[in-house]
Amino acid sequence: MQLGELASGREVAYATMRRLAWSRGPESMRRGFFGVEGLDDLVPDGISYDTQILVEGDTGIGKSVLATQFLYEGLVVGDTCVYIACDEPPDVMRLNMASFRLGTTPYERAGRLIVVDAYARERSRERYSIPDPANLDEFFLYEKRFLEMGGNRPVRLVVDSLSTILSMAETAEIIEFNSNRLRLLRSREVFTLDSAVSAVLEEKAINALRHAYPMIINMRFAVSDGITQRYVQLGKLKSGQFQATQHPFTIDPRTGIVLQSRQA
Ligand SMILES: Nc1ncnc2c1ncn2[C@@H]1O[C@H](COP(=O)(O)OP(=O)(O)OP(=O)(O)O)[C@@H](O)[C@H]1O
Ligand SMILES: [Mg+2]
């Protein structure tokens, strides 16, 4: 079976249309999408691969579901995807992918999906792991090594969540580590999604992180008409634009994040 056949026809057709849209441009113009139809509509021209996205939000809101869809999209469009699991065992992401009807094993065998266990630490039995991810120098060294495994393909990176590995660090250390890291990711055009639970970090640290990323996604629970609802907001701070609109969404077990305006 070809790798492409692992994803369902609808997803492949949807991704192929978008892939054709950006593949005509030169390499440095490569643009990608989240893999979430309603969210992708908010960035009709896609996002350039030298962009890093901070996904900030409440516990249980859907950050890991979004991360899974971002990886899924990367696999479908031909990227090498590096996934660093910090909050839960890597198998949770594999199961999420399977519930979206994408088996990860062939992609892992082919070196297209590099699953890194930064959760079990030195007890990890995974092929790739980071024994002491809270040591930020060590994390950065391992992360660079895994990114180098991308070969000639475009590379996508997900760190879920960055706040877990930063939770024990001082604000100054966090700023230095992440600015060096973001500089490297930008120069290598690594299309990156870092998730963070803001409550885990000091206000100064989370504010510094917010300013460092060219793109921010906010995911929040809020009560509307007495009903607790999930909302997502897409912001682009660096370019000066910030889309204030909060989009209500739900999570479907088979397709993931569904923006309410997309629901039939
Ligand atoms: N494959 C799935 N299908 C359906 N629902 C799911 C799936 N995976 C997770 N969920 C549900 O989606 C919600 C969001 O889960 P998710 O793990 O993405 O949250 P999170 O923002 O990453 O939380 P945390 O900060 O605890 O990591 C949860 O209510 C969870 O039960
Ligand atoms: Mg999560």
Side-chain angles (χ1 to χ4, degrees), residues 6-8 10-11 34-39 52-76 81-105 107 113 115-121 126 130 133-134 139 156-168 192-202 205-206 209-210 213 215-224 227-235 246-260 262-263:
L6 294 167
S8 74
R10 189 182 62 82
E11 280 87 2
F34 298 109
V36 178
E37 287 195 31
L39 268 190
Q52 297 76 46
I53 305 161
L54 179 68
V55 178
E56 198 192 325
D58 299 328
T59 293
I61 189 71
K63 299 181 299 298
S64 297
V65 172
L66 174 60
T68 304
Q69 290 184 262
F70 183 78
L71 291 170
Y72 185 129
E73 168 75 8
L75 295 176
V76 170
C81 295
V82 178
Y83 167 70
I84 306 184
C86 309
D87 293 359
E88 50 199 6
D91 273 348
V92 174
M93 185 276 292
R94 293 185 179 110
L95 285 172
N96 278 345
M97 284 275 197
S99 72
F100 298 155
R101 301 181 305 285
L102 191 88
T104 51
T105 307
Y107 289 102
L113 174 63
V115 176
V116 181
D117 186 0
Y119 175 77
R121 303 179 178 217
E126 290 279 333
I130 304 179
F139 181 91
R156 266 181 203 231
L157 168 69
V158 166
V159 179
D160 189 15
S161 68
L162 192 68
S163 51
T164 298
I165 66 152
L166 299 180
S167 61
M168 303 302 284
T192 304
L193 194 148
D194 288 333
S195 72
V197 181
S198 30
V200 169
L201 298 172
E202 281 182 23
I206 193 74
L209 284 184
R210 282 183 192 130
Y213 285 79
M215 182 173 276
I216 295 188
I217 292 181
N218 239 290
M219 300 174 87
R220 291 270 176 270
F221 288 108
V223 179
S224 168
I227 298 164
T228 302
Q229 169 74 56
R230 291 180 158 92
Y231 290 92
V232 62
Q233 179 188 20
L234 186 68
Q246 306 254 1
H247 303 272
F249 73 95
T250 54
I251 297 176
D252 181 277
R254 283 163 57 103
T255 52
I257 290 170
V258 182
L259 265 64
Q260 214 162 68
R262 310 271 318 175
Q263 288 171 336

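Values in this document were obtained by computation on a predicted structure and should not be read as measured data. Every number for a ligand or one of its atoms is a count from 1 in the order of the listing. Side chains included, hydrogens not; waters and symmetry mates left out as well; all remaining heavy atoms used.
- Among all heavy-atom pairs drawn from Val200 and Ser167, the shortest one is CG1-CB, 3.5 Å.
- A side-chain donor-acceptor contact under 3.5 Å links Lys63 to the backbone of Asp58.
- Taking distances strictly below 2.8 Å, the protein N/O/S atoms close to the Mg ion (ligand 2) are Ser64 OG.
- For the side-chain hydrogen bond (donor to acceptor under 3.5 Å, both in side chains) test, no residue two or more places apart in sequence or in another chain qualifies with Glu88.
- Distance alone, capped at 3.5 Å, places no donor-acceptor pair between the Glu126 side chain and the Pro90 backbone.
- Considering Asp160, Leu157, Val158 as possible partners of Ile84, the one that fulfils the side-chain contact (heavy atoms from CB on, under 4.5 Å) test is Leu157.
- Of all heavy-atom pairs between Tyr72 and Phe100, the closest is CE1-O, 3.5 Å.
- For Arg230, there are no salt bridge (Lys or Arg N to Asp or Glu O under 4.0 Å) partners two or more places apart in sequence or in a different chain.
- To the nearest 0.5 Å, the span separating CG on Leu193 from CZ on Phe34 amounts to 7.5 Å.
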Filter the ligand 1-protein atom pairs down to N or O on both sides and distance under 3.5 Å, then list them.
unit_1: ligand 1; atom_1: 1 (N); unit_2: Asn96; atom_2: OD1; d: 3.0
unit_1: ligand 1; atom_1: 1 (N); unit_2: Ser99; atom_2: OG; d: 3.2
unit_1: ligand 1; atom_1: 8 (N); unit_2: Asn96; atom_2: OD1; d: 3.4
unit_1: ligand 1; atom_1: 18 (O); unit_2: Ser64; atom_2: N; d: 3.1
unit_1: ligand 1; atom_1: 18 (O); unit_2: Val65; atom_2: N; d: 3.0
unit_1: ligand 1; atom_1: 19 (O); unit_2: Gly62; atom_2: N; d: 3.3
unit_1: ligand 1; atom_1: 21 (O); unit_2: Ile61; atom_2: N; d: 3.2
unit_1: ligand 1; atom_1: 21 (O); unit_2: Gly62; atom_2: N; d: 3.0
unit_1: ligand 1; atom_1: 21 (O); unit_2: Lys63; atom_2: N; d: 2.9
unit_1: ligand 1; atom_1: 21 (O); unit_2: Lys63; atom_2: NZ; d: 2.8
unit_1: ligand 1; atom_1: 22 (O); unit_2: Ser64; atom_2: N; d: 2.9
unit_1: ligand 1; atom_1: 22 (O); unit_2: Ser64; atom_2: OG; d: 2.8
unit_1: ligand 1; atom_1: 23 (O); unit_2: Gly60; atom_2: N; d: 2.8
unit_1: ligand 1; atom_1: 25 (O); unit_2: Lys63; atom_2: NZ; d: 2.7
unit_1: ligand 1; atom_1: 29 (O); unit_2: Arg230; atom_2: NH2; d: 3.3

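- Across all their heavy atoms, Gln69 and Gly35 have their closest contact at NE2-O, 3.5 Å.
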